[in-house]
Amino acid sequence: GADEQRSGTAWDDFLYDTLPNIDMEGKKVAVFGMGDQEGYGDNYCDAAGELYDLFEAKGCKMFGLTSTEGYNHVESKAERDGKF
């Protein structure tokens, strides 16, 4: 998971400096997260979507998508074909 204030933290160093140099091809990855759908409905769980994109681009096999049904949000970078 990512911490509450992920952007501009050590996570960025890992994701953008270290991860590109790691062979992740075929690794199984699940991204999870908790978000505030009411307070951040316009960017609900965006960090999870960012993580998904970065690991998928490295050739990882992504697991664990779940339906967006019942969530009250406007937009999310974590949404893929109606699922988080």
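Numbering of residues begins at 1 and proceeds along the displayed sequence.
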Quiz prompt | Any pair counted as side chain to side chain donor-acceptor pair (under 3.5 Å), so long as it reaches residues 52-65, sequence neighbours left out | solution =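 For residues 52-65, and leaving out neighbouring residues, the side chain to side chain donor-acceptor pair (under 3.5 Å) pairs sorted by first residue read Asp53-Arg80.
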Quiz item: So how far is it from Glu50 CD to Leu15 CG, rounded to the nearest 0.5 Å?
Solution: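 Taking CD in Glu50 and CG in Leu15, the distance rounds to 6.5 Å.
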Quiz item: If you group Ile, Leu, Val, Met, Phe, Trp and Tyr whenever their side-chain heavy atoms sit less than 4.5 Å apart, what else falls in with Tyr71?
Solution: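 So far as hydrophobic clustering goes, Tyr71 is joined with Tyr44, Phe84.
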Quiz item: Heavy-atom distance under 4.5 Å between the side chains of Leu19 and Leu54, does that happen here?
Solution: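 Yes, side chains in contact.
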Quiz prompt | Least distance between heavy atoms, Ala78 atom then Ala48 atom | solution =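 Minimum heavy-atom separation between Ala78 and Ala48: CB-CB, 4.1 Å.
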Practice problem: Taking side chain to side chain contact (heavy atoms under 4.5 Å, CB included) as the test, write out the residues that go with Asn72, two or more places apart. | Solution: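 Partners of Asn72 by the side chain to side chain contact (heavy atoms under 4.5 Å, CB included) criterion, ordered by chain and then number, come out as Gln37, Glu38.
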Quiz item: Sequence neighbours excluded, which residues qualify as ring-ring contact (aromatic ring centres under 6.0 Å, His included) partners of Phe14?
Solution: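 Counting only residues at least two positions away or on another chain, Phe14 forms no ring-ring contact (aromatic ring centres under 6.0 Å, His included).
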Under 3.5 Å, which donor-acceptor pairs link side chains of residues 22-33 to any protein atom two or more places apart or in another chain?
| unit_1 | atom_1 | unit_2 | atom_2 | d |
| --- | --- | --- | --- | --- |
| Asp23 | OD1 | Glu25 | N | 3.3 |

Side-chain atoms of residues 63-70: list all donor-acceptor pairs with protein atoms under 3.5 Å, sequence neighbours left out, distances to 0.1 Å.
| unit_1 | atom_1 | unit_2 | atom_2 | d |
| --- | --- | --- | --- | --- |
| Ser67 | OG | Glu69 | N | 2.9 |
| Thr68 | OG1 | Gly82 | O | 3.1 |

Quiz item: Is the backbone of Lys77 close enough, under 3.5 Å, to the side chain of Asp46 for a donor and an acceptor to pair up by distance?
Solution: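 A pair under 3.5 Å: yes.
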Quiz item: Above 12 or not: heavy atoms from other molecules or residues under 6.0 Å from CG of Asp81?
Solution: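 No.
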